Amino acid sequence: WRSWSRLYPSALVAEADEALALVGLHGRGDTRTDRLSGGERQKLSIARLRLQRPRLILADEPTANLDPAAAADACQWLGSVAQGATLI
């Protein structure tokens with residue numbers, strides 16, 4: 001119901017903005033996913049992981065659609081998000 005009504009607690013919005021900034025998507029919180037490039041969608045997936053705090057991460061081609069510099073960043077971000085979790 002929250003996504004339909006777009007009513008989110010301010011703490012959750014701030015945490016989401018922080019996660020987006022971590023992956024270089026600062027200010028893109030209002031952008032629809034279908035408007036993002038493939039690389040931006042990969043980055044968004046990593047930001048979502050930070051919010052979901054999973055105990056197990058199955059990363060299937062986490063650097064697909066990313067240039068070499070962005071792929072290196074993605075690996076670093078995954079490592080930081082996966083602290084305390086199992087990353088495969």
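Both backbone and side-chain heavy atoms feed into the values below; hydrogens, waters and symmetry mates do not. Throughout, residue positions are numbered sequentially from 1 according to the sequence presented. Quick caveat, the model's predicted, so the values are computed rather than measured.
- Listed here is the closest heavy atom pair of Leu66 and Gln42: CD2-CB, 4.3 Å.
- Atom OG in Ser37 sits 10.5 Å away from atom CG in Leu44 (nearest 0.5 Å).
- Shortest non-hydrogen contact noted between Ala85 and Pro54 is CB-O, 3.3 Å.
- Between Glu15 and Arg53 a salt bridge is recorded (basic side-chain N to carboxylate O distance below 4.0 Å).
- Side-chain atoms of Cys75 and Thr63, non-hydrogen and from C-beta on, do get closer than 4.5 Å to each other.
- Here the CG-CG distance, from Asp34 to Leu36, works out to 8.0 Å after rounding to the nearest 0.5 Å.
- Residue Ser45 holds its OG atom at 15.5 Å from CZ of Arg50, rounded to the nearest 0.5 Å.
- Within the model, atoms NZ of Lys43 and CG of Leu22 stand 11.0 Å from one another, a figure rounded to the nearest 0.5 Å.
- No more than 12 heavy-atom neighbours from other residues, nucleotides or ligands sit within 6.0 angstrom of CG on Asp30.
- The shortest heavy-atom contact between Ala74 and Pro62 is CB-O, 4.4 Å.
- The shortest side-chain heavy-atom distance between Ile57 and Thr86 does not fall under the 4.5 Å cut-off.
- For the atom pair Ile46 CD1 and Leu20 CG, the distance stands at 12.0 Å (nearest 0.5 Å).
- Rounding to the nearest 0.5 Å places CG of Leu12 at 9.5 Å from CG of Asp17.
- A salt bridge between Glu40 and Arg28 is present, with a side-chain N of the basic residue lying under 4.0 Å from a carboxylate O of the acidic one.
- Across all their heavy atoms, Trp77 and Val23 have their closest contact at CH2-O, 3.4 Å.
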